[in-house]
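Below is one structure, written out as structure tokens, with a few remarks after it.
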Amino acid sequence: MPDVNLTIDGHKITVPAGTLIVEAAKTVGIEIPVFCYHHKLDPVGACRLCLVEFSPGPPRPQTACTTPVSEGMVVRTQSAMAVQARADILEFELANHPLDCPVCDKGGECPLQDFTFRHGYPTSRIDGPRLHFKKPIPLSDKIALDRERCVLCYRCTRYYDEVAWEQELTTDERGVQSFITSQFDQPLQSIFSGNIIDLCPVGALTSRVWRFESRPWDMTHTATVCSKCSVGCSVTLWQRRGQLVRITSHENDEIDEGWICDRGRFDYTDVNDPSRLRAPSILGLKATWADAINAVAGGIKGRGAKLGISLPQDITNEEAFLFRRLLDGPLKGARVKMHGRTAIPAPDAGRAQGSPQNLMRIKEIDDARVIIVVASDLENDVPIVDLRVKKAVSKHGAKLIVVHPEGVDFDRHPGTVHIRNARGTAAAEVRKLASHELLKNPGGPVAILFGDGHGSEDIDELASACGDLAAQVGGKELVLYRATNERGALAAGVAGWDKLDGVQALLCWGPPPTAGIPKSVKFVAAWDHLPRDGYGQAVVLPATTFAERQGSYTNLEGTVQFLRPPIAVRPPLKEGWEVLCELGTALGLRLDYTGVTPIQREMALGTPDLEPAPPPVLVGPAHP
Amino acid sequence: MPDLRGSHGDQPHHILTRWFGTPDLHRLDVYSGKPGGYAALRTAFLEMAPAEITNEVKASGLRGRGGAGFATGTKWSFINRDAPGPKYVVVNADESEPGTSKDRYLLENSPHMLVEGILIAAYAVGANQAWVYIRGEYDEPYRMLHEAIEEARAKGYVGSRPFGKDYPLDIRLYRGHGAYICGEETALLESLEGKRAQPRSRPPFPAVKGAWGRPTLLNNVETLSTVPWIINNGGAAYAKLGTEKSPGTRLMSVSGNVLKPGVYEVELGQTFRHVIMELAGGPPEGRKVKVFWPGGSSAPVLPESMLDTHTDMEALAAAKSMGGSGGVIVMDDKHCIVRAAHRLLRFYAHESCGKCTPCRIGGDWAVRTYERILANEGSQVELDTLQRVSDGLQNGRCLCGLGDSAGWVIDSTLRHFREEYVDHAIRHECNVEAPPAASGRHLPMDREEKTASA
Amino acid sequence: MKSPEKGALSEHVLDEIKELPAKYPQPRSAVMPALDLAQEELGHLTPAAMSEVAATLQLDPGYVEGVATFYSLFHLEPVGKHRFYVCTNLSCALRGANEIVDHVKRSIGVGRSDQVSADGLFSFEEVECLGACEFAPMMRLDHRYHYDLTSEAIDTLIAERKGVGKVKVPSPPRGAINGRSARERAVLDAPGAQGQGEGLKRRQPRKKKADA
């Protein structure tokens with residue numbers, strides 16, 4: 001459809017057809033205040049704050065958030081009527097709103113404050129008692145609800161219903177008695193609950209983890225990449241005085257569209273743990289870096305297959321590259337186990353999976369007409385991809401087929417076709433799908449998402465079946481790796497799957513293995529940020545956390561994203577790549593890099609990688 | 001028959017109520033007898049093209065009788081009959097406007113008239129299924145309508161081949177559960193879909209995206225009940241009655257301080273003096289009419305001096321009021337206007353769905369202000385607040401008409417009876433004799449506090 | 001049939017609810033008639049009942065709770081066997097509805113609408129317009145309307161339900177229901193399942209005492 005020309009407050013602009021007035025106004029820097037409108041939710045025109053006049057049009061003002069532009073439209077946001085309507089609505093919103101600003105966490109980044117200042121009446125005419133509720137209500141152990149502050153914009157319940165397909169958050173009663181509540185006052189369970197904090201335009205929904213900790217103007221922030229799973233959502237990390245104070249979302253339409261899951265949002269308090277390790281130690285006694293690294297080198301050198309290396313799920317590409325060099329050199333033959341990975345091999349690792357052209361990016365889910373999810377509980381493994389699939393189904397009308405032994409959250413949608421396979425038979429079910437009703441004439445791209453069923457499926461069979469299905473129905477595959485940098489580690493060849501039983505020396509990069517340290521181990525070297533049992537008998541190097549780490553991750557679709565840590569690494573802590581270089585030197589391998597960038601340059605040139613590798617992505621500006 | 005409280009019998013303007021009073025008129029065999037029921041359905045189905053039916057309704061000039069008064073034929077033509085996929089007719093039987101009981105009167109006396117009208121409408125707009133959304137409190141009308149539909153089903157009028165034609169027709173019932181807002185079109189559709197009944201933003205309009213996302217025709221009970229007569233006698237004949245822009249007749253429920261409250265069929269254009277003083281017998285001995293609501297509590301009030309206002313939509317608009325639901329509430333000079341307004345604002349605040357800010361907050365704020373005034377704690381500030389709230393509720397501020405109606409109660413009573421407000425707010429006295437209407441705080445200021453009464 | 005645990009629904013009601021979604025173009029529409037069935041059985045909606053309705057319809061309990069609390073006819077607290085829904089909106093108030101409410105409160109011995117009389121039989125509520133303004137003052141009691149109320153009429157209705165005095169079929173309303181026989185106008189069982197064609201479906205009747 002052709003673009004539309006219109007005039008807003010005298011500015012002549014041209015925008016794509018279908019643009020809402022409120023968005024069109026933003027293109028010339030005109031703010032039309034909104035509460036209930038959010039660009040990721042269906043517009044409802046509920047709060048009435050965005051009333052504007054436009055002609056040609058009805059004689060009464062209309063909401064800018066529900067009205068798309070039309071050719072030749074003249075919009076006035078500053079007419080006497082519109083200005084007064086905004087001030088009146090704000091006054092109504094404030095009629096019952098408590099005077100909590102000094103104790104409210106939203107202060108400083110609060111649209112209600114900002115709009116009242118910019119668009120509201122300068123003095124209040126409210127002289128009566130306000131409506132009271134018990135407050136704050138714990139909606140979960142992470143989120144607090146203050147019903148007196150709530151302006152009933154319904155963003156939270158609409159988000160829950162439209163985006164997450166859940167209704168554990170609901171509105172009770174009606175009229176002025178309405179209030180937001182969790183079902184039967186039970187704590188919220190959803191892994192997607194935290195986004196309501198970002199959505200809430202006032203201080204009604206706040207993070208209990210961050211409660212009363214800092215003011216927005218005290219913090220600096222960077223946009224970086226989450227380190228909790230393979231999706232690689234963009235997040236904003238906020239720091240103050242060297243502490244990671246909170247995490248909020250950062251919109252990246254390629255991957256997360258502005259949503260993050262609760263793991264990414266709330267799992268950060270370990271960064272500020274006062275018991276964090278700050279100095280190297282040998283057998284429980286403080287040591288210098290030089291001594292500690294030499295001790296590590298001495299303990300792991302020349303062990304061959306008697307050396308076990310445990311790698312974390314969020315090892316960076318650069319660290320993985322360096323490990324590869326060590327494993328090709330002085331640590332040759334060591335057994336390697338990477339945490340949290342799936343059983344799925346690297347794409348195109350010499351199997352009949354299909355060429356890279358059959359692989360898809362996350363955002364291609366939007367355009368799929370049929371989505372097939374196999375052997376994966378998306379909600380827990382790759383949560384934000386789960387939301388993207390839900391969006392494609394409910395807003396774009398995609399059809400959904402699920403192959404999984406148990407019930408999944410997609411079952412809430414009456415149109416979902418759920419094939420409950422017996423464990424281990426997913427590949428066979430996938431092969432049958434070629435003749436499925438819905439795939440006869442999909443009418444567009446088919447997306448095939450498959451995981452490893454947490455080990456219950458023969459992954460080679462399954463990968464092959466999915467590849468064949470893709471070829472048959474014109475589909476593309478999204479392979480659901482689970483570990484944060486599983487894909488990067490696979491590319492570097494360090495995503496090990498070896499058993500660590502029987503090794504005599506163990507090098508733990510990151511937290512120790514969940515299965516525990518094998519009994520046969522005599523020497524333990526650890527790179528970790530928190531003290532654990534048994535570290536009194538080990539050589540321990542104090543690690544950086546994800547909030548200080550430089551480097552890059554490769555997410556499950558193959559996008560390489562650079563991290564932007566908000567907290568600088570200060571001595572005595574050292575960067576991970578730096579420690580690996582020193583360890584290499586101590587082991588007799590010259591690893592001579594001056595920074596992360598030279599490592600990346602060499603990686604890009606040298607490592608035979610996925611082909612073609614998509615270009616690395618800078619994630620937002622850095623404000624360290 | 002004398003025990004009917006309303007119009008019945010053979011009079012030239014008794015389009016709807018002509019046969020009321022006939023024993024067992026609610027039964028199909030009686031309805032199809034002398035009253036000639038289902039002849040219109042047969043004609044429409046077998047002898048007319050759907051577009052012809054719509055044109056006949058257009059020619060009649062019939063306007064929606066639920067409250068908005070939109071031209072019915074035009075509304076029918078908004079449904080694209082040829083669009084693929086199901087379409088629905090939804091009947092608004094949620095009658096909850098204070099002072100209005102005409103739909104109940106129709107349902108209890110002649111449910112088949114509605115059934116016939118529904119089937120004709122469905123055929124005209126290309127729908128095969130109709131849903132009647134009936135308020136939950138209407139137990140008896142529900143039962144009677146259900147029986148009527150079953151009789152029609154037994155006769156084959158509702159079923160897979162009415163009159164042998166391959167055009168299935170079905171009517172289903174859905175009960176409301178106590179929410180005035182469900183009388184609003186899009187809120188009704190939300191309720192029908194099993195949700196909290198909050199109105200939708202328009203566009204899209206129900207004719208494009210209505211019940212369950214499908215094109216939907218929404219009409220009031222009385223509107224559809226008029227259709228059989230129009231088909232039988234022609235749209236032009238209907239247009240001969242009433243006024244040019246408000247043709248025909250409508251049922252007006254008259255209640256309050258009158259001697260003969262009832263549901264009266266009135267030719268549009270008659271005066272309110274005729275309706276209130278003649279048909280309904282006027283106020284009791286020794287009292288005078290003080291004020292009346294011409295179209296349910298949502299219509300701006302008119303004082304006694306405007307009794308000669310005509311009942312057609314144009315005349316009412318000129319009088320700064322509206323036809324609304326046709327529910328005429330009459331209050332005599334022994335009752336206090338401020339208390340009446342307070343009671344009505346309590347109603348609107350209680351029924352507000354809570355979706356849009358001005359109605360949700362403004363209604364409650366107005367009630368609390370009225371309570372301060374009635375508790376003799378008022379001043380000029382309270383009067384200003386009432387006016388300010390009223391302004392904030394009108395002219396597109398709210399998402400639906402409920403807010404506007406609340407605003408009109410305040411605005412019109414202030415305009416016509418300012419002295420009484422001043423008596424209460426400034427002089428702290430009430431100069432009207434009768435005992436007070438319900439007072440006291442209606443909603444708790446503290447959610448933890450129990451209410452005095454719901 | 002096993003007796004339902006306190007606050008939960010019996011088998012046959014759950015079976016009826018299971019059949020509801022198929023009657024509507026989209027299954028969510030079944031939630032209102034399902035809640036109605038649950039309330040008919042239990043007298044009011046308990047969290048257990050709402051959870052069962054939710055589970056049966058494959059909805060979140062929160063959703064069901066949100067719907068139930070929106071509509072005035074759904075009660076989430078006990079309401080006693082007979083509830084006086086007395087209209088006090090304008091037309092009825094102008095004809096003495098408030099005095100009727102006062103009389104009801106005195107006669108059944110409660111002061112507020114969230115209270116139930118000591119014998120568990122009665123409660124009341126001031127409601128909005130019931131659509132029978134020509135019969136004002138009027139009310140709804142036991143699924144039917146009662147017109148032209150007076151204190152005496154209220155006393156009679158209470159006495160009948162207490163089992164004091166002769167039990168008789170309440171006299172039909174004067175007026176609007178034209179020409180139907182007294183038997184036809186007798187008090188009906190409460191409407192049961194919702195949806196098309198279900199208005200009079202007789203469920204397994206509860207054990208009845210000697211009242212209407």
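Chain naming here is simple, since letters A, B, ... match the order of the sequence lines and numbering starts at 1 in each.
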For this session: Applying side chain to side chain contact (heavy atoms under 4.5 Å, CB included), run through C:Tyr85 and B:Glu137 and close with a yes or a no.
Result: CA-CA 10 Å; C:Tyr85 296 94; B:Glu137 296 89 340; over 6 Å; no
What part of [X] gets within 4.5 angstrom of chain C, counting heavy atoms only: side chain, backbone, both, or neither?
X        : result
B:Cys353 : both
B:Leu344 : side chain
B:Arg135 : side chain
B:Ile181 : side chain

Exercise. For the atom pair CZ (C:Arg140) and CG (B:Asp139), what is the distance rounded to the nearest 0.5 Å?
Worked result: 4.0 Å
For this session: Nearest 0.5 Å please: distance from the OH atom of B:Tyr348 over to the CD atom of C:Glu128.
Result: 10.0 Å
Seminar exercise, completed: Applying a strict 4.5 Å limit to non-hydrogen atoms, the region of C:Ala136 in contact with chain B is neither
For this session: Inspect the contact between B:Arg346 and C:Glu126 and indicate whether a charged nitrogen and a carboxylate oxygen are less than 4.0 angstrom apart.
Result: yes
[X] side chain to [Y] main-chain N or O, any donor-acceptor pair under 3.5 Å?
X        : Y        : answer
C:Ser91  : B:Ile329 : no
B:Tyr174 : C:Ser29  : yes
B:Arg175 : C:Asp36  : no
B:Arg104 : C:Gly131 : yes
C:Arg144 : B:Glu140 : no
C:Ser72  : B:Gly178 : yes

For this session: Please work out whether the ring planes of C:Tyr71 and B:His177 are parallel, tilted or perpendicular, with thresholds of 30° and 60°.
Result: perpendicular
For this session: Check the pair B:Lys195, C:Tyr63 against side chain to side chain contact (heavy atoms under 4.5 Å, CB included), reporting the backbone distance first and the verdict last.
Result: CA-CA 8 Å; B:Lys195 306 179 197 163; C:Tyr63 180 87; 3.4 Å; yes
Exercise. Got a sec, which residues hit side chain to side chain donor-acceptor pair (under 3.5 Å) with B:Tyr180, two or more places apart in sequence or on another chain?
Worked result: B:Glu97, B:Ser298
Problem set entry | For B:Asn220, all residues meeting side chain to side chain donor-acceptor pair (under 3.5 Å), sequence neighbours excluded | B:Lys102, B:Asp103
Exercise. Which heavy atom in B:Val258 sits nearest to a heavy atom in C:Arg95, and how many Å separate them?
Worked result: O-NH1, 3.1 Å
For this session: Check C:Tyr147 against B:Glu108 and note the closest heavy-atom contact, atom names and distance.
Result: OH-OE2, 4.3 Å
Best-contacting candidate, [options], against chain C by heavy atom pairs under 4.5 angstrom:
options                      : value
B:Gly136, B:Ser253, B:Ala197 : B:Ala197
B:Gly327, B:Gly194, B:Ser255 : B:Gly194
B:Ala280, B:Pro98, B:Ala179  : B:Pro98
B:Val330, B:Thr100, B:Val132 : B:Thr100
B:Gly354, B:Ala211, B:Gly99  : B:Gly99

Exercise. Most heavy-atom pairs under 4.5 angstrom with chain B, which of C:Val101, C:Leu130, C:Val31, C:Thr69?
Worked result: C:Leu130
For this session: Taking atom CD of C:Gln26 as the centre, report whether more than 12 heavy atoms of other residues, nucleotides or ligands fall under 6.0 Å from it.
Result: yes
Exercise. Quick one: are B:Phe347 and C:Thr88 in side-chain contact, heavy atoms under 4.5 Å?
Worked result: no
Problem set entry | Side chain proximity check, C:Pro25 to B:Tyr88, heavy atoms < 4.5 angstrom | yes
For this session: Using the side-chain contact (heavy atoms from CB on, under 4.5 Å) rule, pick out the option among B:Arg343, B:Met331, B:Lys334 that qualifies with C:Leu94.
Result: B:Met331
For this session: Apply side chain to side chain contact (heavy atoms under 4.5 Å, CB included) to the pair C:Leu90 and B:Trp293, showing each step before the final yes or no.
Result: CA-CA 11 Å; C:Leu90 190 57; B:Trp293 282 257; 3.5 Å; yes
Exercise. Any chance the side chains of B:Ser101 and C:Glu134 put a donor and an acceptor closer than 3.5 Å?
Worked result: yes
